[in-house]
Amino acid sequence: MYNFRKIENKWQKIWQQKKSFETGKSSKKKFYMLEMFPYPSAYGLHMGHARNYTIGDVLARYKRMTGLNVLYSMGYDSFGLPAENAAIREGVHPLDYTKKAIKNYINQQRSLGLSYDWSRMVCTHKPDYYKWDQWIFLQFLKKDLAYRKKALVNFCPRCNTVLANEQVENGKCWRHHDTEVEIKDLEQWFLKITEYADKLYDSLDKLKWPETIKEMQRNWINPSEGTLIKFKVDDECIEVFTTRPDTLYGVTFITFAPEHPKVLELVKGTKYETDVKKFINKILLEDKSERTEKEKEGMFIGKYAIHPLTKEKIPIFIANFVLLEYGTGVVMGVPAHDKRDYEFAKKYDLKMITVIAQNKPTRSYLVGASAITNEDLEKIGIKIVRRKDDGDREIEIPKQSVKKYEKMITDKLTPNFWNEYIGEEIVFIFKHKDGKIERLVLNKDTEERIDKLAADFIGENWNKKCVWKWLSENKFYSDLVTHEEEGILVNSEDFNGLTNKKAIIEITSRLNSYNLGNKTIQYHLRDWLISRQRYWGCPIPIIYCDKCGIVPVPEKDLPVKLPKKVDFKSGGNPLATNKEFTNVKCPKCRGNARRETDTMDTFVDSSWYFLRYTDNKNTKEIFSPEKANYWLPIDQYIGGREHATGHLIYFRFFTKFFKDIKLINFDEPALRLFTQGDVNKNGVRMSKSKGNVVDPMDMINEHGSDSLRFYLMFVSSPDSVFEWDDGGIISVSNFLNKLYDLSKAKCGGREKDGIVLSKINSLIGSVTENIENFKYNRALIGIMEFTNYLHKNKDYVSQKVFNESYKALLTLSHPFVPHLTSELNCDSKWPSPNRKLINNEIEFEEEFLSSTMNDIHKIIKLIKKKPNRIKLSVSELWKYDFYKRLKSEASKEFKVLIEKLMTKEHGKEIPRIVQNYIKNPGKVPLVILSQMKELEILNSNKKMLEKEFGCEIEMGKNDSKANPGKVSILIE
RNA sequence: GCGGGGGUGCCGGAGUGGUCAAACGGGCUAGCUUCAGGGGUUAGUAGCUUAGUGCUUACGCAGGUUCGAACCCUGUCCUCCGCACCA
């Protein structure tokens with residue numbers, strides 16, 4: 001066992017002393033390699049980190065070897081809650097906690113052999129870093145992209161602070177999945193990320209990121225085009241957002257989100273007030289994630305809105321299915337054309353108005369109309385879709401037949417029966433007892449009449465129903481009534497006859513002309529709430545003055561330093577307990593004023609750290625634009641999927657903003673992103689709570705960091721889940737030992753020189769390709785195979801070839817196992833394959849010979865046992881009738897048949913060869929070959945084979961491609 | 001419901017039209033090795049059966065295209081992940 005401890009320590013020390021990985025501007029082409037920097041927790045690195053960083057380190061080392069100027073640095077996202085909670089719990093100051101944790105991280109990362117340029121390190125908790133957070137905030141403020149607003153915000157009672165939308169997962173806090181987020185109405189700071197929503201959305205297309213991540217961002221931003229429509233309530237206007245203004249004439253109710261602040265105003269002093277309050281409380285108490293699965297529920301609040309076009313009175317409801325977070329928190333209910341509205345209307349017996357007729361064929365349902373025969377129907381072109389057992393028929397009526405159909409049923413309908421059909425409108429035809437026909441098109445005016453007639457005609461059964469209910473309950477009709485498809489407008493006054501697509505535009509512009517609505521784009525993305533009521537974060541540089549209001553701290557006064565002395569046990573924001581900090585003079589009027597005590601969301605810190613790496617010691621500017629423009633954008637970013645809708649949106653937002661304020665000349669931070677898979681053990685993600693954590697440091701101590709690195713990269717491809725198995729790392733360490741031992745190999749012979757050279761050169765090509773494509777596991781498989789080959793064949797290689805290829809092997813392995821390979825003197829330059837030396841033929845030859853010999857050996861073994869019973873030994877590669885027949889026909893002979901190398905070109909020749917063989921069977925065991933090439937191989941190795949088998953070998957002549965000849969092996 | 005990824009041996013995982021019972025690794029079984037405490041090496045590891053040849057079956061399930069499919073097409077089931085009563 002080689003002494004990995006000694007070697008690894010030695011090289012880590014050398015790298016550190018020589019500052020091997022420090023980098024600066026140069027004439028070489030740059031490559032910016034970046035991993036998401038970690039939050040330094042007291043627990044140190046976990047296996048996921050180790051995997052993430054190794055993936056990055058391999059690439060960084062590889063790129064360096066190919067001659068690029070690689071920027072690869074590390075830093076710490078060192079503000080954040082755990083440090084503060086530790087302070088509250090254990091009385092350690094967050095600063096001390098953090099310093100200790102960072103030190104530990106650096107040590108661990110060093111011992112993992114990561115090739116960072118440590119001189120560029122940034123720590124977000126240091127004033128020289130967060131000064132620029134504050135500076136950025138002021139820039140946002142200048143551009144009106146930072147604002148303070150009272151708003152309903154998410155509040156986590158356990159973190160004791162508000163949360164951004166992105167930090168709420170299923171109604172729970174992202175840190176505490178068991179803690180329900182509360183809604184509070186607080187005044188907070190926001191960054192106007194929505195201003196960039198379009199840009200963030202559109203430029204996703206040009207990013208070479210995993211599709212899933214891009215799709216998640218699209219979903220998160222989720223722009224939807226629609227119209228804001230004003231409905232008058234009392235003397236005010238309420239705005240409703242809809243993507244379907246074409247259904248405006250179908251609105252039969254308006255629904256508020258229960259927690260909408262307007263609701264209480266509206267019911268104030270009315271008899272509905274108590275009930276509404278009760279209802280709201282009930283809804284708010286419900287688990288938010290479950291609320292979405294509940295049945296629709298709501299109540300009328302006693303008010304009416306005025307329809308902007310028809311001026312009709314529309315009842316206002318509150319309902320659980322309307323959310324405050326989306327749109328305006330108020331929806332217009334169109335039960336005929338929206339599934340949710342339909343369900344709601346059905347439950348509360350609300351009116352439905354069909355305003356869009358489908359392009360579907362007109363349909364009807366013939367009940368008891370025995371006077372109408374199928375032939376009658378067919379005659380006028382009507383199709384019977386379905387015939388039920390009781391004889392009722394569902395029929396489809398083409399447009400041109402509708403009139404004929406109506407005439408036919410009015411003629412043939414027996415008195416006191418009715419029939420209806422649904423096409424572009426819903427038509428009821430009643431035939432009274434006196435033979436009088438009444439034709440009614442269903443709409444809000446005729447509804448009552450139809451109801452009455454239906455009740456008269458049917459009697460009891462109809463009593464509790466209304467025609468809409470009946471239609472919606474009848475499966476056949478309900479499919480037609482409730483739909484969201486395209487069609488032609490009906491019941492919509494001036495707009496009747498328009499396609500609904502056109503109607504969207506027309507109705508919107510009509511509303512616009514009355515000043516009652518306008519087109520907008522609604523985003524799912526909300527403005528970014530950055531205030532946090534916590535201590536261990538970057539102070540927001542704002543001062544509140546009674547006279548001057550909100551006053552930003554002047555840039556020259558930055559940084560607003562976080563005071564060390566605060567009381568962590570106060571229960572509230574510790575920062576507020578330091579009076580020296582909070583009491584301040586107003587920069588404008590010099591009067592007494594208060595400092596903002598909220599700090600920034602730590603995602604602000606991590607939104608631009610990658611820029612600071614390029615110029616981390618700059619005290620005059622946030623960074624030098626020149627340096628940033630040289631290094632950026634990031635050529636390869638690596639990190640976890642969990643940041644898809646958080647950090648990975650924020651850092652794009654910041655980059656775009658920096659471009660707009662002319663700090664940088666690019667608008668996307670990272671062109672390529674790679675997201676590594678989780679590390680699992682026993683099928684579940686490694687985590688403390690699952691108790692299945694393997695500490696990477698333990699593995700490094702036991703097996704060395706090279707072993708750990710190799711193992712992490714070897715088992716599965718970097719983007720898929722890694723299933724940790726304790727046995728695996730042991731075998732890897734055995735393998736590395738073998739690789740090490742090879743350095744001492746003494747070689748003799750030269751038979752395999754050509755093959756070895758061929759193999760190593762192919763390997764160079766494939767490893768290069770596999771690294772570029774993040775298929776590290778396959779690169780390592782190749783390395784292992786070659787190593788094993790070299791090991792087995794070292795006696796047949798010349799020392800020169802051995803040394804050469806061994807060195808290349810080490811060089812290829814270097815990105816993965818840098819310590820060992822450095823010790824064994826690998827090259828510092830990445831090799832390129834010498835294509836001339838790659839010879840597939842001799843590689844094939846060797847494979848072929850060895851498998852042939854194997855076969856022959858087997859056969860000889862058999863022959864020696866019971867020769868008479870040997871019929872055939874076939875490596876069955878080709879399933880063909882012929883082949884099967886051959887086997888039975890040849891069964892009495894003493895024959896050996898070996899076929900190898902089925903290729904597309906030769907595959908079809910085989911039956912012929914076989915046929916020939918049957919006609920002229922050889923006298924002795926035969927080797928029949930499908931290709932001349934193989935015959936040649938055997939021919940050229942005749943002596944070797946004869947020696948091997950101790951017999952004479954008779955070679956056939958290979959006169960043609962189709963008839964390659966035979967090889968007879970004469971065995972005593 | 002919408003969107004995305006997957007279903008291959010005891011396990012992790014290769015393989016995307018024919019050299020394939022399935023690379024590489026783990027595990028397990030057995031032999032060898034002056035090997036003693038995660039070492040090296042050889043063989044085996046779908047099922048049935050044989051002294052041995054052999055036969056059958058196989059890449060979630062069911063069809064299809066093809067001389068030929070794990071791989072292409074259609075349907076279906078399952079699973080993982082993201083978003084979601086999005087107005």
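More than 12 heavy atoms of other residues, nucleotides or ligands lie within 6.0 Å of NZ in A:Lys214, so this atom counts as buried by the packing criterion.
Separating the CG atom of A:Asp795 from the P atom of B:U41 is a distance of 14 Å, rounded to the nearest angstrom. As rounded to whole Å, 10 Å separates atom C1' of B:C81 from atom CD1 of A:Ile213. Atoms CG (A:Asn222) and P (B:G1) sit 19 Å apart, rounded to a whole Å. To the nearest angstrom, C1' of B:A87 lies 19 Å from OH of A:Tyr342. Rounded to whole angstrom, the span from the OH atom of A:Tyr326 across to the C1' atom of B:A84 amounts to 11 Å. When the C1' atom of B:G40 is taken as reference, atom CG of A:Asn788 falls 13 Å away, rounded to whole Å. One atom, CG of A:Asp725, and another, C1' of B:C28, lie 13 Å apart when rounded to the nearest Å.
Nearest nucleotide to the A:Met784 side chain, out of B:A84, B:C24, B:C85: B:C24. Listed candidates were B:C86, B:A87, B:G25. Nearest to the side chain of A:Val322 is B:A87.
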Next item on the list: Please test A:Arg641 against A:Gln676 for side-chain hydrogen bond (donor to acceptor under 3.5 Å, both in side chains), starting from the C-alpha separation and ending with a verdict.
Entry: CA-CA 7 Å; A:Arg641 290 182 180 85; A:Gln676 89 273 14; over 6 Å; no

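Contact annotation for A:Glu702: base contact, defined as any heavy-atom pair under 4.0 Å involving a base atom.
B:G17 sits 34 Å from B:G27 when the P atoms are compared, rounded to a whole Å. Comparing B:A58 with B:A69, their C1' atoms sit 13 Å apart, to the nearest whole Å. Taking the P atoms as reference points, B:G7 lies 9 Å from B:A14, given to the whole Å.
With 3.5 Å as the limit, one finds a donor-acceptor pair spanning the side chains of A:Asp198 and A:Tyr523. Using modelled atom types, one finds a donor on one side chain and an acceptor on the other under 3.5 Å when comparing A:Tyr650 with A:Glu166.
Remark: A:Thr508 engages A:Thr227 in a side-chain hydrogen bond (donor to acceptor under 3.5 Å, both in side chains) (not counting sequence neighbours).
Under the 90° criterion around 0 for the glycosidic angle, B:G9 counts as syn.
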Close N or O pairs between protein and nucleotides 10-15 of chain B (under 3.5 Å):
unit_1, atom_1, unit_2, atom_2, d
B:G13, OP1, A:Val721, O, 3.4
B:G15, OP1, A:Arg778, NH1, 2.7

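Classification of the A:Phe774-A:Phe674 ring pair by plane angle, with boundaries at 30° and 60°, yields parallel. Aromatic ring pairs are classed by plane angle as parallel below 30°, tilted from 30° to 60° and perpendicular above 60°; the pair A:Phe344 and A:Tyr348 is tilted.
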